[in-house]
Amino acid sequence: TYVIAEPCIDVLDRSCVEECPVDCIYEGDRALYIHPDECVDCGACEPVCPVEAIYYEDDVPEAWSVFTADNARFFTETLPGASAPLSSPGGAAKVGRLGADTSLVAEHPRRDD
Ligand code: F3S
Ligand code: F3S
């Protein structure tokens, strides 16, 4: 799978969403998350992110390695305000903006610029 790491937080450029052929990039509140089971590893999203937030799972920089499990956690844990985990919706467009994040992203310091 591919992973969205720290640079996406508070940027949410969304160019990646346009590129994904299987619509597996979901929007939380302050970041987007790639569904690890729905991603088909096409890699189309990676070069279009203007802040280089997207990496193949084996290439995630060490400092951001926690984001690999965190992208998965977005789908397996019950998000604040939800009644059940998202699980595998099979498409981000139909679920829309979730408006909630994993605790890793929610507790990340706000980007000032
Ligand atoms: Fe985020 Fe980059 Fe996509 S900033 S929304 S990962 S294009
Ligand atoms: Fe989509 Fe990127 Fe995976 S374009 S299929 S999330 S590699």
Side-chain angles (χ1 to χ4, degrees):
T1 188
Y2 278 68
V3 172
I4 294 182
E6 192 270 351
C8 181
I9 299 174
D10 298 331
V11 176
L12 306 103
D13 178 81
R14 299 181 186 83
S15 298
C16 56
V17 175
E18 307 295 315
E19 299 298 323
C20 184
V22 294
D23 191 27
C24 69
I25 308 178
Y26 293 75
E27 184 168 350
D29 180 27
R30 296 175 57 200
L32 276 73
Y33 304 79
I34 293 176
H35 196 301
D37 299 328
E38 295 179 0
C39 172
V40 296
D41 288 352
C42 78
C45 55
E46 190 212 311
V48 301
C49 177
V51 293
E52 294 183 41
I54 307 177
Y55 298 88
Y56 180 61
E57 59 184 321
D58 291 347
D59 301 327
V60 178
E62 185 62 33
W64 298 329
S65 59
V66 290
F67 283 86
T68 305
D70 199 64
N71 274 225
R73 206 175 288 131
F74 185 73
F75 304 94
T76 56
E77 291 188 352
T78 301
L79 299 171
S83 54
L86 259 184
S87 190
S88 200
K94 65 183 176 199
V95 301
R97 187 174 176 277
L98 276 309
D101 290 303
T102 59
S103 54
L104 178 75
V105 172
E107 290 161 16
H108 193 278
R110 292 267 166 193
R111 219 176 286 279
D112 294 329
D113 50 326

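Being a predicted model, the structure only gives us computed values, none of them experimental. In each ligand, atom 1 is the first atom listed, and ligand 1 is the first ligand listed. Along the sequence shown, residues are numbered consecutively beginning with 1.
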**Asked** Going by chain and residue number, what protein N/O/S atoms come nearer than 2.8 Å to atom 1 (Fe) of ligand 2?
**Response** C20 SG

**Fill in**
re atom 1 (Fe) of ligand 1, the protein heavy-atom contact at minimum distance is C8 SG, 2.4 Å

**Fill in**
Test side-chain contact (heavy atoms from CB on, under 4.5 Å), reference C24, set D37, V17, I34, output is I34

Which atoms of ligand 1 are found less than 4.0 Å from any heavy atom of [X]?
{"X": "C49", "answer": "2 (Fe), 4 (S), 6 (S), 7 (S)"}
{"X": "D13", "answer": "4 (S), 5 (S), 7 (S)"}
{"X": "I54", "answer": "6 (S)"}
{"X": "V51", "answer": "4 (S)"}
{"X": "S15", "answer": "7 (S)"}

**Request:** Check the pair E107 / R30 against salt bridge (Lys or Arg N to Asp or Glu O under 4.0 Å), numbers first and verdict last.
**Result:** CA-CA 10 Å; E107 290 161 16; R30 296 175 57 200; over 6 Å; no

**Prompt:** Hey, does the side chain of D23 reach the backbone of A93 with a donor-acceptor pair shorter than 3.5 angstrom?
**Reply:** yes

**Request:** Tell me, please, which residues at least two apart from A106 pass side-chain contact (heavy atoms from CB on, under 4.5 Å).
**Result:** D101

**Request:** Please work out whether any backbone atom (N, CA, C, O) or any side-chain heavy atom from C-beta onward of V17 is under 4.0 Å from ligand 1, and answer side chain, backbone, both or neither.
**Result:** neither

**Message:** Just so I know, are the side chains of P89 and Y26 near enough to count as touching, which here means a heavy-atom distance under 4.5 Å?
**Reply:** yes

**Asked** E19 versus C42: any side-chain heavy-atom pair under 4.5 Å?
**Response** no

**Item:** Atom of A100, atom of L79 and distance for their closest heavy-atom approach
**Value:** CB-CB, 4.0 Å

